[in-house]
There are 2 protein chains.
Amino acid sequence: MSGFLGTYNVSLDDKGRFNVPAKFRAVLEREYGSHLVVTAMSHYLIVFPQPEWEINRERLKGLDPFDKDDRDKKRKISSRAVECEIKSGKILIPGTHRDIADLDKEVVLVGSFESFEIWSRKKWDEIKDAE
Amino acid sequence: MSGFLGTYNVSLDDKGRFNVPAKFRAVLEREYGSHLVVTAMSHYLIVFPQPEWEINRERLKGLDPFDKDDRDKKRKISSRAVECEIKSGKILIPGTHRDIADLDKEVVLVGSFESFEIWSRKKWDEIKDAE
DNA sequence: ACACTTTATGACACTATGAGACACAATCCT
DNA sequence: AGGATTGTGTCTCATAGTGTCATAAAGTGT
């Protein structure tokens with residue numbers, strides 16, 4: 001109902017996974033499912049439940065695969081995304097995406113209603129009070 | 001479900017093949033099959049699963065065979081297309097097409113929902129951050 | 001405040017994946 | 001035919017990803 005709320009400090013295990021906080025897990029179980037799409041912004045990642053992501057995708061369906069502008073538009077979105085799944089309560093962020101967002105052990109999850117974000121603790125500390 | 005997503009650095013073996021990333025392979029197995037059509041754009045290749053290619057072909061059928069622009073577009077697409085198949089988990093890009101896209105050892109696969117693209121690492125690095 | 005339940009961390013063994021290599025088959029080219 | 005080039009099957013190894021458990025920490029009810 002109320003979506004992803006709050007800020008959580010979590011830590012990645014030796015393989016780059018983290019436990020989804022119980023509150024977030026509850027949202028996923030109630031409203032969505034275990035399939036997620038993670039997309040990279042410059043300094044952080046956004047995690048969409050698959051059904052939310054699907055809404056974006058629908059808008060891109062009609063585009064012409066042989067038209068340059070249409071392709072560019074699609075590529076920009078799809079190239080930075082990756083499908084993930086919650087397995088044994090954990091999510092693995094692929095290495096490529098960990099690198100983009102510069103994640104090390106300490107990361108911060110930030111709820112944003114129908115999606116949530118993943119920040120490195122360092123970057124988050126820098127921006128959280130700014131504005 | 002969500003099509004080809006993400007960016008993968010892969011390397012061609014001594015014969016010009018590459019392993020299809022597991023995520024892409026899963027999409028192909030779930031939604032399409034192992035038959036592909038590869039077509040060359042100016043600086044990269046586009047790989048369509050055969051069923052997707054068929055859909056686009058239907059679209060091109062609507063074009064006017066006596067209109068110059070329409071003919072040009074059709075010719076451009078058909079003349080540079082080639083059928084490929086995944087064999088032992090790998091795709092071989094024919095030499096002709098490797099040349100067109102200027103592929104050497106390091107290539108980048110870029111998902112684009114119902115198709116994916118093959119770039120030389122060099123070209124990709126040039127354009128990936130550009131707008 | 002206590003026992004009990006749930007949640008998060010870290011560790012470890014195991015599996016899957018992608019790179020590279022090599023032998024072999026098919027095709028092409030005079 | 002013979003040799004070069006192009007394509008195919010298969011194997012090994014390092015690394016990335018997965019399942020599971022023990023322990024620690026946090027949260028819940030009485």
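Among C:dA8, D:dT8, C:dT17, the nucleotide with an atom closest to any side-chain atom of A:Ala22 is C:dA8. Here the nucleotide nearest the side chain of B:Asp13, chosen from C:dA21, C:dA11, D:dG7, is C:dA21. Between D:dT20, D:dT8, D:dG17, one nucleotide has an atom nearer to the side chain of A:Leu92 than all others, and that is D:dG17. Of the candidate nucleotides C:dG10, C:dT7, D:dG7, D:dG7 has the atom nearest to the side chain of B:Pro94.
C:dT7 atom P lies 16 Å from atom CD1 of A:Ile91, rounded to whole Å. Atom P of nucleotide D:dG7 and atom NE2 of B:His97 are separated by 12 Å, given to the nearest angstrom. In this structure, CD of A:Glu83 is placed 16 Å from C1' of D:dG17, rounded to the nearest angstrom. Atoms CD (B:Glu85) and P (D:dT8) sit 9 Å apart, rounded to a whole Å. Atom P of nucleotide C:dA8 and atom CG of A:Leu109 are separated by 10 Å, given to the nearest angstrom. The nearest whole Å value for the distance from the NZ atom in A:Lys105 to the C1' atom in C:dA11 is 11 Å. Straight-line distance from the CZ atom of B:Arg98 to the C1' atom of D:dT5: 11 Å, rounded to whole Å. Rounded to whole angstrom, the span from the CG atom of B:Asn19 across to the C1' atom of C:dG18 amounts to 5 Å.
Nearest-nucleotide assignment on DNA chain C puts the 5′-proximal partner with A:Val10, out of B:Leu12 and A:Val10. In terms of position along DNA chain C, the nucleotide closest to B:Tyr8 lies nearer the 5' end than the nucleotide closest to the other residue of the pair B:Asp14 and B:Tyr8. Of the two residues contacting DNA chain D, namely B:Lys90 and B:Lys15, the nearest-nucleotide position lying further toward the 5' end is that of B:Lys15.
For A:Ser11 and C:dG10, the shortest distance from a side-chain N or O to OP1 or OP2 is below 4.0 Å. Remark: A:Lys87 is in phosphate contact with D:dT18, judged by side-chain N or O atoms under 4.0 Å from OP1 or OP2. For A:Ser88, a side-chain nitrogen or oxygen approaches OP1 or OP2 of D:dG19 to under 4.0 Å. Contact check, B:Arg25 against C:dG18: a side-chain N or O comes under 4.0 Å of OP1 or OP2.
B:Ile100 and B:Val47 are assigned to two separate hydrophobic clusters, defined by single-linkage of ILVMFWY side chains at heavy-atom distances under 4.5 Å.
Around the NZ atom of A:Lys61, the shell of radius 6.0 Å holds more than 12 heavy atoms that belong to other residues, nucleotides or ligands.
Within 4.0 Å (heavy atoms only), A:Lys23 reaches no atom of the nucleic acid at all.
Test A:Phe24, A:Trp119, A:Trp124, A:Phe18 against A:Tyr8 for ring-ring contact (aromatic ring centres under 6.0 Å, His included) and you get one pass: A:Phe24.
Residues A:Ser78 and B:Phe113 come closest through the heavy atom pair CB-CE1, 3.4 Å.
The residues B:Glu114 and A:Arg57 are annotated as salt-bridged, a charged nitrogen and a carboxylate oxygen being separated by less than 4.0 angstrom.
For a distance-only test at 3.5 Å, the side chain of B:Arg17 qualifies as a donor-acceptor partner of the base of D:dG9.
One N or O on the side chain of A:Ser120 and one on the backbone of A:Lys123 form a donor-acceptor pair closer than 3.5 Å.
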